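All values reported here derive from a predicted model rather than from experimental measurement.
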Amino acid sequence: MALRLDDKFVKPFITDEEISAIAPEIEAAAASLRAKTGKGAEMLGWLDLPENYDKEEFARIKAAAEKIKKTCDVFIVIGIGGSYLGSRAVIEFLRSPRYNLLKKDTPDIYFSGCNISGSDLDELLAICEGRDVCINVISKSGTTTEPAVAFRYFRAWLENKYGKEGAKERIFVTTDKARGTLKSFSTDAGYETFVVPDDVGGRFSVLSAVGLLPIAVSGINLDELMSGAADAMTALSAGDVYTNDAYKYAALRNILYRKGKVTEILVGYEPYEQMFCEWWKQLYGESEGKDGKGLYPSSVIFSTDLHSLGQYVQSGLRTIFETVLSVETPDSEAKVPNDPANIDGLNFLSGMPMAEVNRTAMNGTLLAHVDGEVPNIVLRLAERSARALGYMIYFFELACAVSGYVLDVNPFDQPGVEAYKKNMFALLGKPGYEEMTAELRARL
């Protein structure tokens, strides 16, 4: 298997009896998920997506990516939440957080529409000056404020530079298959469109057209990514808390939650894992955080954050546990140089692979945090590859769904996200919100 759960560093905090007690709940949640009888069952398209995806659209995605690679220097991905986090996580994990600075035969990729910052838009538009640009706007409805505003900016920029006909060849839209303002507008304008599946929510959509087009533009092998997810779909399709690591992960985190561990920190030891952590935080935070329940998902990159948040993790409130992502096969051969003057006293490390130093830091931290009463679940990923990452994505999605059912929440809705939108629309004077406007303004 590409991913293995190591429970050695959580065993001191969980008894065999607690695992036995939660096992029937996990099995019932998994059975409800497989039978599609649980809450939000209409949003389970991701469950068999690694095998039952649209093969014709998959081919069109690859063809569009080749066209983009040949015709532009800069590719702007416009979306918010699940519409951009998944693709950015995959690109940075497999290519680099410094992807845009690499020497490569693929376009630079920037993400927009994920904030309401005029400064950010100004900077991106300045980057585009004098360069050939394509965009991919991702929105099921087309009316979400952040991406809709960004799309206005970049559509106008493209039409000014290339004319409407030229811009049409550089705008790619991922939206609803048949409904919504963005779909209608795109059809009328003649843009090539891809589908946001009706039964796949944004945070579960990275393996659909939502994530796959930007990932393909970066040069990552889509077949390998999907094959890894299909491997996980098969490997994790049965079993129990003792034999299925996704079920075991869901069980362990729920046991710890019931014992007062209310914050889960996802720990990476490589900078390229940072955006994956951001994707994971949305997946679990938006899926479980409702009805006054749910673990709070946080993340760190060690050893960097050991020099800041490490103090709190080691000695702060004992309400946290960590889930550590360990990439088992190093992909760098860098070694510590020798210094004849030995000014830092580190010549005992001379010639040692940096990967070994990093792993030793991880092991030392695991022991220190466990001694400090912080439980640690370790997820060991075989290698940094598209296939292994596809497996890990599906692992986390499956475990999230099962865990949400154990919490007795709907893991596939997000009612809380709508609250800020309604207030913002009322305060901005959107038609139809007049009754709320005066009340909200009086409270400010």
Side-chain angles (χ1 to χ4, degrees), residues 45 53-84 86-88 91 106-114 121 124-125 127-200 202 205-219 222:
Y53 58 90
D54 185 328
K55 307 303 189 295
E56 184 275 332
E57 182 179 58
F58 194 71
R60 285 201 303 115
I61 289 169
K62 289 181 178 179
E66 290 305 311
K67 177 182 177 181
I68 291 164
K69 284 189 275 188
K70 290 175 182 176
T71 58
C72 76
D73 309 305
V74 176
F75 184 51
I76 304 291
V77 180
I78 300 172
I80 195 166
S83 295
Y84 92 100
S87 60
R88 185 170 179 183
I91 292 166
T106 53
D108 290 349
I109 300 176
Y110 292 93
F111 295 86
S112 185
C114 46
L121 277 167
L124 273 177
L125 288 166
I127 286 170
C128 292
E129 286 300 329
R131 307 175 77 185
D132 284 318
V133 177
C134 295
I135 67 173
N136 175 208
V137 58
I138 306 166
S139 176
K140 191 165 181 63
S141 66
T143 59
T144 303
T145 304
E146 294 90 341
V149 169
F151 185 37
R152 287 189 176 202
Y153 269 89
F154 285 101
R155 186 172 76 249
W157 189 92
L158 288 170
E159 290 178 354
N160 182 63
K161 181 177 175 69
Y162 301 104
K164 281 199 172 184
E165 283 301 307
K168 180 178 71 174
E169 299 301 315
R170 295 176 175 274
I171 296 174
F172 300 83
V173 178
T174 309
T175 188
D176 191 90
K177 184 176 183 178
R179 302 183 303 274
T181 58
L182 184 56
K183 173 59 179 175
S184 300
F185 180 80
S186 300
T187 299
D188 292 342
Y191 304 148
E192 182 167 9
T193 62
F194 301 95
V195 175
V196 178
D198 286 335
D199 56 356
V200 180
S205 68
V206 60
L207 299 177
S208 73
V210 171
L212 293 181
L213 179 57
I215 291 168
V217 170
S218 76
L222 296 190

query: Is any side-chain heavy atom of V195 closer than 4.5 Å to a side-chain heavy atom of D54?
result: no

- line: Closest non-hydrogen contact found for V200 with G45 is CG2-C, 3.6 Å

- prompt: Between S87 (side chain) and Y84 (backbone), is there a donor-acceptor pair under 3.5 Å?
  reply: yes

- prompt: Got C128 and Y110 here, is their nearest side-chain heavy-atom distance under 4.5 Å?
  reply: no

message: Would you compute the distance between atom CG of D108 and atom CZ of R131 and round it to the nearest 0.5 angstrom?
response: 4.5 Å

field: Residues forming a ring-ring contact (aromatic ring centres under 6.0 Å, His included) with F154, sequence neighbours excluded
entry: none

Closest contact, heavy atoms only, S218 versus I91: OG-CG1, 3.7 Å

message: Between K70 and E66, does any side-chain N to carboxylate O distance fall below 4.0 Å?
response: no

- prompt: Do L121 and S112 come within less than 4.5 Å of each other through their side chains, counting heavy atoms only?
  reply: yes

- request: State whether F151 and R155 meet the cation-pi test: NZ (Lys) or CZ (Arg) under 6.0 Å from the six-membered ring centroid, and within 45° of the perpendicular axis.
  value: yes

Atom NZ of K55 with >12 non-hydrogen neighbours under 6.0 angstrom: yes

message: Quick check against the 3.5 Å criterion: does T175 have a side-chain atom that pairs as donor or acceptor with the backbone of K140?
response: yes

- line: When every non-hydrogen atom of R179 is compared with those of D198, the smallest separation belongs to NH2-OD1, 3.8 Å

message: Before you tell me yes or no, could you show the steps for V77 and V217 under side chain to side chain contact (heavy atoms under 4.5 Å, CB included), namely the whole-Å CA-CA distance, both residues' side-chain angles and the distance that decides it to 0.1 Å?
response: CA-CA 11 Å; V77 180; V217 170; over 6 Å; no

- prompt: Within a strict 4.5 Å, meaning less than it, do heavy atoms of the L212 and E57 side chains meet?
  reply: no

field: Heavy-atom closest pair, residues I78 and A150
entry: CG2-CB, 3.8 Å

task: Measure the spacing between OG1 of T187 and CG of L182 and express it to the nearest 0.5 Å.
output: 9.0 Å

field: G211 backbone acceptor or donor facing S205 side chain under 3.5 Å
entry: no

query: Above 12 or not: heavy atoms from other molecules or residues under 6.0 Å from CZ of R152?
result: no

Atom pairs and distances, donor-acceptor, side-chain atoms in residues 159-166, under 3.5 Å, two or more places apart:
from, atom 1, to, atom 2, distance (Å)
Y162, OH, D132, OD1, 2.8
Y162, OH, V133, N, 3.2
E165, OE1, K168, NZ, 3.2

query: In Å and rounded to the nearest 0.5 Å, what is the SG to CD distance from C72 to E169?
result: 13.0 Å

- request: Please report the shortest heavy-atom distance between F75 and P214, naming the atom on each side.
  value: CE2-CA, 3.9 Å

- prompt: Taking all atoms of both residues into account, what is the closest heavy-atom pair of K69 and P107, and its distance?
  reply: CG-CD, 3.8 Å

task: Report the C-alpha distance between V196 and D176 in whole Å, list the side-chain angles of each, state the deciding distance to 0.1 Å, and finish with yes or no for side chain to side chain contact (heavy atoms under 4.5 Å, CB included).
output: CA-CA 5 Å; V196 178; D176 191 90; 5.9 Å; no

field: Inter-residue atom distance L124.CG - Y153.OH, 0.5 Å rounding
entry: 12.0 Å

- line: Taken in chain and number order and not counting sequence neighbours, the residues that satisfy ring-ring contact (aromatic ring centres under 6.0 Å, His included) with F58 are Y53

query: Below 4.5 Å, heavy atoms only, C-beta onward: do I80 and C114 meet side chain to side chain?
result: yes

message: What I want to find out is whether R60 reaches E192 closely enough, with some N-O distance under 4.0 Å, to be called a salt bridge.
response: yes

